[in-house]
Amino acid sequence: MVQKLFIRDLTLRDGQQSSFATRMKQSQIDRVLPYYKDAGFYAMEVWGGAVPDSVMRYLNESPWDRLEKIKAAVGDTSKLTALSRGRNLFGYSPYTDEIIEGFCRNSIASGLGIMRIFDALNDVDNVKSTIKYVKKFGGIADCAVCYTIDPHFTTMERLKAFLKGKPLPKAVFTDAYFLDKAKQMEALGADMITIKDMSGLIPPKRVAGLIRLFKKNLHVPIDFHTHCTPGYGLASVLSAIVNGVDIVDTNIWYFAGGPAAPAIELIYLFCQKMQIDCGVQMEAVAKIREELKSIRKELEPFDAVKQFPNAFDPLKDKLPAEIDQALDRAIALAKSEQEEELLAVCHKIEQYFNFPKPNELVKNAEIPGGMYTNMVAQLKQLKAEDILEKAMTLIPTVRLAAGLPPLVTPTSQIVGAQAVNCALDQRAGKAMYTNVSNQFVNLVKGEYGKTPVPVDPEFRLKIAGVREETPYDTSRYQMQPNPVLEDCGGVKLAENEKELLLLELFPLVAKTFLTNLKRERYQATQAVKQPEEAAPVAKKQPITGHVIAAPMPGRVLSVKVKPGDTVKRNQELLVLEAMKMENSIMADKPGVIKQVLVGDGESVGADAPLVEFE
């Protein structure tokens, strides 16, 4: 009997997000869709993650159109899948059940077949609502257990903590921990379980054991998702297949390897040798591959790797004997769980095809590659590259203080940005946590859910002002403003439920996108376009008073005060988005606002004046 393996293709979502900053235009995607219809992948991940934000922010395209056009082209030949963050959906804030229900209903009506649901804390309570509504509207609930590892502390660090009366925790992220989370999700109605290794940190032997454990104790299909950044990806996927995984996630050749998932072409070679049917028409994949080669060249400004794999067609090209033998050797090593040798052989295979080498820095740091590159970019923006090493060493300390969250979006960004803040604090001679983002405050407070280990009540008091864990109260949720656009024919900013959902999930980005959409539509209806009268711009007065300046480069999300307002010390003046985090800018003294020097959506540099006091 031939073993079956299902393939989930990630190319059009995770693939382009991992390697090309999610910059594929609809016109580029349209070029490959006819071939995808013939390829017959079990599933295609095309939505969620950064796609909805990026297509509005950078491409001026509608996320709903993206999903609906792919569905129209592919039909039912492959299930379309999206990635969502449980109660946070695509954003950084928890949402009410009404918003989650509307989002799931509209997503499935627009063509979504599978919703992959994960929570950044592995807090199962945070995925309940999405599971319920996905299934209610006829979708498949794919629940992901986020793989992570315990931070490494030296013997000296453990001894110091013990002597202070605060011993460091023993291993938290054991196989039993992951199985328990999976069983809870299955009990809630999960139709499949994904081992989601977003950091690419799971070695072959560990995934082999987890697959066997899950297959023995669960009654739903198991999917394995990983990345190649630290060098485990190909070997770990092979180990998962050998140990009976039901589904694996891959990318097509020119979008594979490096920060992305392994290539379907290499997985196909392994499957052929093991007489496993992966159900994919490789002739159609060849056509997609050639089109992607051209598209990758078009995406060159956003290419994170800039290293093309050598051209290869597994149906036509003959492998040299050495590489063919290496494939056989890798399979034998995976079956016997000889991990070091397996990794060496898989690296040899990848090197032959010119895929990127393992990123040793990311591997040794044991953090997601995206988290590392975000930190580097943030420090370059701050002109503080010299503290990168210090920030990296602070990650385990910050992570433990915040309850040991798995490092996955958004907690990876929250912890990484806070480690940068703490390094900056120390460089300035200040105490750690002098500057904290709103998201870090909310994480420590308990608004994101239960952390894997409890947060010290005294630390919570210091950061969030409360000792007790305080869950997010959805009854306090306030919908985003939906004004009438008088200069666009008097229509509402969001005119239907799908647009309202975009506004809730991506307030600033959707506001700009929807405003431009309505303005273009209104102007197109005018027989004779009159030149627009520019709105009068308030002239800024010379600055003579006390100024509050931006502590770092960023973008103004919202201004909370206006000229003439009397404010108290520590009152919030505005919210600045920096390093993907929201930072409340507070008054450092009581007084009266003379002038506000910035507006919503405006980008500012470090030390830029924001607000002036009388």
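In this text the structure is predicted, and so the values were computed from the model without any measurement.
- By the 30° and 60° cut-offs, the orientation of the rings of Phe103 relative to Trp47 is parallel.
- When side chains are defined from C-beta on, Leu343 counts as touching Glu339, because their heavy atoms get closer than 4.5 Å.
- The SG atom of Cys271 lies 5.0 Å from the CD1 atom of Ile276; values are rounded to the nearest 0.5 Å.
- Counting only distance, with no hydrogens or angles, the side chain of Lys79 and the backbone of Tyr42 share no donor-acceptor pair below 3.5 Å.
- Here Ile252 contributes atom CD1 and Ile288 contributes atom CD1; the two are 4.0 Å apart, rounded to the nearest 0.5 Å.
- Closest approach of Ile114 to Ala43, counting heavy atoms only: CD1-CB, 4.2 Å.
- Within the model, atoms OG1 of Thr393 and NZ of Lys390 stand 4.5 Å from one another, a figure rounded to the nearest 0.5 Å.
- In this structure, a donor-acceptor pair under 3.5 Å is present between the side chains of Gln307 and Asn354.
- In this structure, Asp246 and Met192 have side chains that are not in contact, with every pair of non-hydrogen atoms separated by 4.5 Å or more.
- Without hydrogens or angle criteria, Ser19 side chain to Gln16 main chain gives no donor-acceptor distance under 3.5 Å.
- A 4.5 Å side-chain heavy-atom check between Phe270 and Ile331 finds at least one atom pair inside the cut-off.
- Side chains of Phe224 and Ile202 form a contact here, defined as non-hydrogen atoms less than 4.5 Å apart.
- Salt bridge present: Glu265 and Arg289 bring a charged side-chain N and a carboxylate O closer than 4.0 Å.
- In this structure, the side chain of Asp324 does not engage the main chain of Pro320 through any donor-acceptor pair within 3.5 Å.
- The existence of a salt bridge linking Lys4 and Asp277 is confirmed by a sub-4.0 Å separation between a basic side-chain nitrogen and an acidic carboxylate oxygen.
- Ion pairing between a basic and an acidic side chain is recognised when a charged N comes within 4.0 Å of a carboxylate O; Asp328 and Lys273 show such pairing.
- No close placement of the Phe41 and Phe6 rings is indicated, their centers lying 6.0 Å or farther apart.
- If you run side-chain hydrogen bond (donor to acceptor under 3.5 Å, both in side chains) between Glu45 and each of Arg8, Arg13, His225, only Arg13 comes through.
- Donor-acceptor pairing under 3.5 Å is recorded for the side chains of Tyr36 and Asp9.
- Side chains of Thr22 and Arg57: no donor on one and acceptor on the other come within 3.5 Å.
- Within the model, atoms CE of Met44 and CD1 of Ile7 stand 14.0 Å from one another, a figure rounded to the nearest 0.5 Å.
- With no hydrogens or angles considered, a side-chain donor-acceptor pair links Gln28 and Glu298 at under 3.5 Å.
- Taking a cutoff of 4.0 Å between a charged side-chain nitrogen and a carboxylate oxygen, Lys183 and Asp180 do not qualify as a salt bridge.
- Using modelled atom types, one finds no donor on one side chain facing an acceptor on the other under 3.5 Å when comparing Asn126 with Arg87.
- Looking at Arg206 and Tyr147, their side chains do bring a donor and an acceptor atom within 3.5 Å of each other.
- Considering only heavy atoms from C-beta on, Val220 stays 4.5 Å or farther from Asp191 through its side chain.
- When side chains are defined from C-beta on, Pro230 does not count as touching Asn359, because their heavy atoms never get closer than 4.5 Å.
- Residues Val124 and Asp119 fail the side-chain proximity criterion, which asks for heavy atoms closer than 4.5 Å.
- Within the model, atoms CG of Asn217 and CZ of Arg212 stand 12.5 Å from one another, a figure rounded to the nearest 0.5 Å.
- At a cut-off of 3.5 Å, with distance as the only test, no side-chain donor of Tyr448 or Asn88 sits close to an acceptor on the other residue.
- Taking every heavy atom of both residues into account, Val134 and Ala141 meet most closely at CG1-N, 3.9 Å.
- Taken from CD in Glu186 to CZ in Phe214, the straight-line distance is 10.5 Å, to the nearest 0.5 Å.
- Side-chain contact check for His347 versus Pro358: some heavy-atom pair is nearer than 4.5 Å.
- For Arg116 and Thr194, the side-chain atoms include at least one donor-acceptor pair closer than 3.5 Å.
- Taking the charged nitrogens against the carboxylate oxygens, Lys450 and Asp125 have no contact shorter than 4.0 Å, which rules out a salt bridge.
- No side-chain N or O of Arg23 forms a donor-acceptor pair with one of Ser54 less than 3.5 Å apart.
- A salt bridge links Lys71 to Asp76: at least one charged side-chain nitrogen sits closer than 4.0 Å to a carboxylate oxygen.
- For Trp253 and Phe308, the gap between ring centers reaches or exceeds 6.0 Å.
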